[in-house]
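One structure is given below, encoded as structure tokens.
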Amino acid sequence: MTATHDVTNQPPPLAPYDASDDAALLEGLRREGAGWAEEGIRRLGRRAGSAEAQEWGELANRHEPVLRTHDRYGHRVDEVDFHPSWHHLMRVAVAEGLAGAPWAEDRPGAHVARTAGGLVWGHTEAGHGCPTSMTYAAVPVLRREPELAKLYEPLLTSREYDPGLRVPARKRGLLAGMGMTEKQGGSDVRTNTTTATPTAEEGVFTLRGHKWFTSAPMCDVFLVLAQAPGGLSCFLVPRVLPDGTRNAFRVQRLKDKLGNRSNASSEPEFDGTVAWRVGPEGQGVKTIIEMVNCTRLDCVMASATLMRKTLVEAGHHARHRTAFGAALADQPLMRNVLADLALESEAATTLALRLAGAADRAGRGDDAERAFRRIATAVGKYWVTKRGPAFTAEALECLGGNGYVEESGMPRHYREAPLLSIWEGSGNVNALDVLRALGREPATAEALFGELALARGADARLDAAVTRLKDALTEASEAGARRLVELMALTLQASLLVRHAPPAVADAFCASRLGGDWGHAFGTLPATADVGAVLGRALGVRD
């Protein structure tokens with residue numbers, strides 16, 4: 001039998017590849033105080049790009065989690081079953097310190113190293129980053145109750161992945177989730193209707209209510225918000241009580257989501273659910289906001305990871321695919337598109353690592369970095385996650401019809417991108433949070449402009465943008481919040497690139513994003529942009 005055709009002009013599989021082969025990432029790692037972690041990040045990057053790990057990501061999303069509300073005898077169990085690939089991904093993530101481990105390390109740069117680890121291990125798949133992120137974010141909140149922290153923190157910061165619902169104190173490691181939103185309010189958590197009734201034991205309550213979005217219901221403990229007699233308060237809810245009985249945590253259903261399908265998101269019902277108060281009664285939002293600050297950083301990290309992953313996929317395809325007599329990577333218009341994407345990716349990665357550095361130094365008592373972190377994390381969360389969907393759509397288009405096919409993996413990345421601008425507050429929520437910070441905490445504006453001043457005089461377009469930003473602050477309004485935060489983000493990214501990136505990268509970014517020499521889609525860089533230098537740095541593509 002004669003074959004009908006030979007397969008030609010198709011790129012080979014990308015894997016194995018090195019997910020840490022990213023100059024912007026490695027330079028940022030060193031600059032932000034975690035150069036000591038570089039060897040481990042490089043090792044993790046090679047593992048992330050291995051054929052085995054890439055297959056784990058694909059299988060974890062193909063075989064989605066399944067809810068089991070009852071066992072065969074009719075007992076309520078509320079467990080979620082996962083494909084083995086999910087557990088493989090989780091085991092590596094926890095062992096590599098991507099969950100709570102940095103809080104247990106008395107070492108400068110520990111939080112930067114974790115962010116860099118997420119930037120490379122996230123090349124596998126995004127869903128399992130949810131429980132690791134929430135576990136990371138739960139630790140500083142729990143420290144508001146020293147007795148609870150004494151019991152749970154050593155297990156939340158463990159590097160051992162120990163799945164299954166058992167008495168927390170008997171496990172080798174724990175995962176944490178959170179439940180804030182409810183049907184009637186969403187981000188407006190102050191309208192929550194879940195009630196918390198005090199018991200005879202100090203600090204112990206019983207909860208009754210229904211949460212609307214509680215991701216990772218297989219976690220061991222959850223931080224939730226509920227209305228106590230003194231107002232909205234924060235509580236710790238374990239899935240299994242100290243005596244070994246199951247707490248009332250009835251999972252009504254798993255969400256059928258657009259993306260992030262490897263990760264279970266649920267609607268749990270509380271009815272007589274035992275909970276321990278965390279922080280003062282009536283100060284639930286103030287208590288849990290530290291968790292939100294941590295998870296917002298992870299949204300920036302995950303968006304930057306998705307950008308880099310899809311850029312690598314697009315670059316690989318362009319190097320190995322020919323059209324009209326030349327490799328795509330050699331054709332001027334495709335080079336412009338890839339270079340434009342590379343600029344966006346480097347700006348996102350650089351900002352993510354700068355935010356991680358601020359978080360690390362703020363935790364060590366640096367007040368200026370604390371103020372910078374407060375405003376810059378909300379700015380970064382708004383802008384980087386907003387850029388993600390457009391970026392992944394353009395990267396997918398670089399593969400043409402091949403990218404639209406599920407087997408390429410690009411549709412999975414495209415479906416993932418919108419989540420990161422929604423989770424932990426939509427664009428409007430974060431833009432308004434920036435206005436709130438400016439109004440209530442004047443030190444945040446001082447910290448932001450102090451950061452921008454470090455690049456003063458290096459680029460006239462950046463200097464002009466900073467002046468526009470100062471003028472815009474005098475007319476700040478709720479209706480114009482998005483324009484204001486966008487300008488903040490672009491000037492902040494530009495200032496970082498001007499100070500730390502090669503001149504070709506900084507010049508092209510400032511010309512396009514600040515100088516107005518840009519279109520309305522990726523691939524519209526000006527003729528003055530040194531596309532070859534940008535592509536050489538980002539993808540190893542030379543002239």
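All values derive from a computational prediction rather than experimental measurement. If you read the sequence from its start, that first residue is 1, and numbering goes on from there.
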Checklist entry - Any donor-acceptor pair under 3.5 Å linking the side chain of Ser421 with the backbone of Pro418? => result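 Present.
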Checklist entry - Are any side-chain N or O atoms of Thr467 and backbone N or O atoms of Asp463, one a donor and one an acceptor, separated by less than 3.5 Å? => result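 Confirmed, Thr467 side chain pairs with Asp463 backbone.
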Counting only heavy atoms not in [X], do more than 12 fall under 6.0 Å of its [atom1]?
X: Glu39; atom1: CD; result: no
X: Phe82; atom1: CZ; result: yes
X: Asn9; atom1: CG; result: yes
X: Glu105; atom1: CD; result: yes

Next on the checklist: Can you list everything that forms a ring-ring contact (aromatic ring centres under 6.0 Å, His included) with Phe391? Sequence neighbours excluded, please.
Outcome noted: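 Only Phe522 meet the ring-ring contact (aromatic ring centres under 6.0 Å, His included) criterion with Phe391.
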Check [X] against [Y] and note the closest heavy-atom contact, atom names and distance.
X: Asn61; Y: Ser262; result: OD1-N, 3.4 Å
X: Gly523; Y: Asn336; result: C-OD1, 2.9 Å
X: Trp36; Y: Gly33; result: NE1-O, 3.4 Å
X: Ala113; Y: Ala37; result: CB-CB, 3.7 Å
X: Thr377; Y: Leu355; result: N-CD2, 3.7 Å
X: Trp518; Y: Ala521; result: NE1-O, 4.1 Å

Approximate separation, where rounding is to 0.5 Å, of [X] [atom1] and [Y] [atom2]:
X: Leu119; Y: Leu25; atom1: CG; atom2: CG; result: 5.0 Å
X: Leu497; Y: Phe509; atom1: CG; atom2: CZ; result: 5.5 Å
X: Leu353; Y: Leu26; atom1: CG; atom2: CG; result: 9.5 Å
X: Thr124; Y: Gln54; atom1: OG1; atom2: CD; result: 7.0 Å
X: Met178; Y: Ser215; atom1: CE; atom2: OG; result: 8.0 Å

Next on the checklist: Going by side chain to side chain donor-acceptor pair (under 3.5 Å), name the residues that satisfy it together with Gln331, two or more places apart in sequence or in a different chain.
Outcome noted: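 Testing Gln331 for side chain to side chain donor-acceptor pair (under 3.5 Å), a comparison that skips the adjacent residues, returns none.
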Checklist entry - Could you walk me through whether Asp340 and Thr524 pass the side-chain contact (heavy atoms from CB on, under 4.5 Å) check? => result CA-CA 7 Å; Asp340 210 350; Thr524 55; 4.3 Å; yes
Item to check | Name of the residue among His87, His88, His83 meeting side chain to side chain donor-acceptor pair (under 3.5 Å) with Ser85 | outcome: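 By the side chain to side chain donor-acceptor pair (under 3.5 Å) criterion, Ser85 pairs with just one of His87, His88, His83: His83.
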Checklist entry - Between Met488 and Trp383, does a side-chain contact (heavy atoms from CB on, under 4.5 Å) hold up when you go through it step by step? => result CA-CA 9 Å; Met488 284 182 176; Trp383 182 242; over 6 Å; no
With a 4.0 Å cut-off, would you call [X] and [Y] a salt bridge?
X: Glu406; Y: Arg415; value: yes
X: Lys381; Y: Glu424; value: no
X: Asp298; Y: Arg114; value: yes
X: Arg499; Y: Glu451; value: yes
X: Asp507; Y: Arg461; value: yes
X: Arg374; Y: Asp433; value: yes
X: Glu416; Y: Lys309; value: no
X: Glu369; Y: Arg373; value: no

Item to check | Aromatic ring pairing Trp103/His111, orientation class (parallel under 30°, perpendicular over 60°, tilted between) | outcome: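 Ring orientation of Trp103 relative to His111: perpendicular.
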Item to check | Trp56 and Trp121 aromatic ring geometry - parallel, tilted or perpendicular at 30°/60° bounds | outcome: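 Geometry flag for Trp56 against Trp121: perpendicular rings.
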Checklist entry - Where do Arg482 and Glu486 land on the salt bridge (charged side-chain N to carboxylate O under 4.0 Å, His left out) test, with the steps shown first? => result CA-CA 6 Å; Arg482 286 191 174 212; Glu486 177 178 325; over 6 Å; no
Item to check | side-chain contact (heavy atoms from CB on, under 4.5 Å) between Arg296 and Asn430, intermediate numbers included | outcome: CA-CA 10 Å; Arg296 283 179 176 174; Asn430 278 268; 3.3 Å; yes
Are [X] and [Y] packed together at the side-chain level, in the sense that at least one heavy-atom pair is separated by less than 4.5 angstrom?
X: Trp86; Y: Glu125; answer: yes
X: Ser495; Y: Leu454; answer: no
X: His320; Y: Pro12; answer: yes

Checklist entry - Can you check salt bridge (charged side-chain N to carboxylate O under 4.0 Å, His left out) on Asp471 and Arg468, steps first, answer last? => result CA-CA 5 Å; Asp471 292 340; Arg468 291 199 302 274; over 6 Å; no
Item to check | Option among Arg47, Arg43, Arg159 that satisfies the salt bridge (Lys or Arg N to Asp or Glu O under 4.0 Å) test with Glu96 | outcome: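 Single pass found, and it is Arg43.
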Item to check | Test applied, side-chain contact (heavy atoms from CB on, under 4.5 Å); reference residue, Gln493; option that passes from Val379, Leu343, Val384 | outcome: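 Exactly one option meets the side-chain contact (heavy atoms from CB on, under 4.5 Å) with Gln493, and it is Val384.
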Next on the checklist: Against Asn263, only a single residue in Glu64, Lys257, His128 fulfils side-chain contact (heavy atoms from CB on, under 4.5 Å); can you say which?
Outcome noted: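 With Asn263 as partner, Glu64, Lys257, His128 yield a single side-chain contact (heavy atoms from CB on, under 4.5 Å), made by Lys257.
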Checklist entry - With a 3.5 Å cut-off and no angle check, do the side chains of His123 and Tyr17 form a donor-acceptor pair? => result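 Note: His123 and Tyr17 side chains meet the donor-acceptor criterion.
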Next on the checklist: Let's go through Val312 and Asp22 carefully: what are the C-alpha distance in whole Å and the side-chain angles of both, what is the deciding distance for side-chain contact (heavy atoms from CB on, under 4.5 Å) to 0.1 Å, and is it a yes or a no?
Outcome noted: CA-CA 10 Å; Val312 169; Asp22 179 0; over 6 Å; no
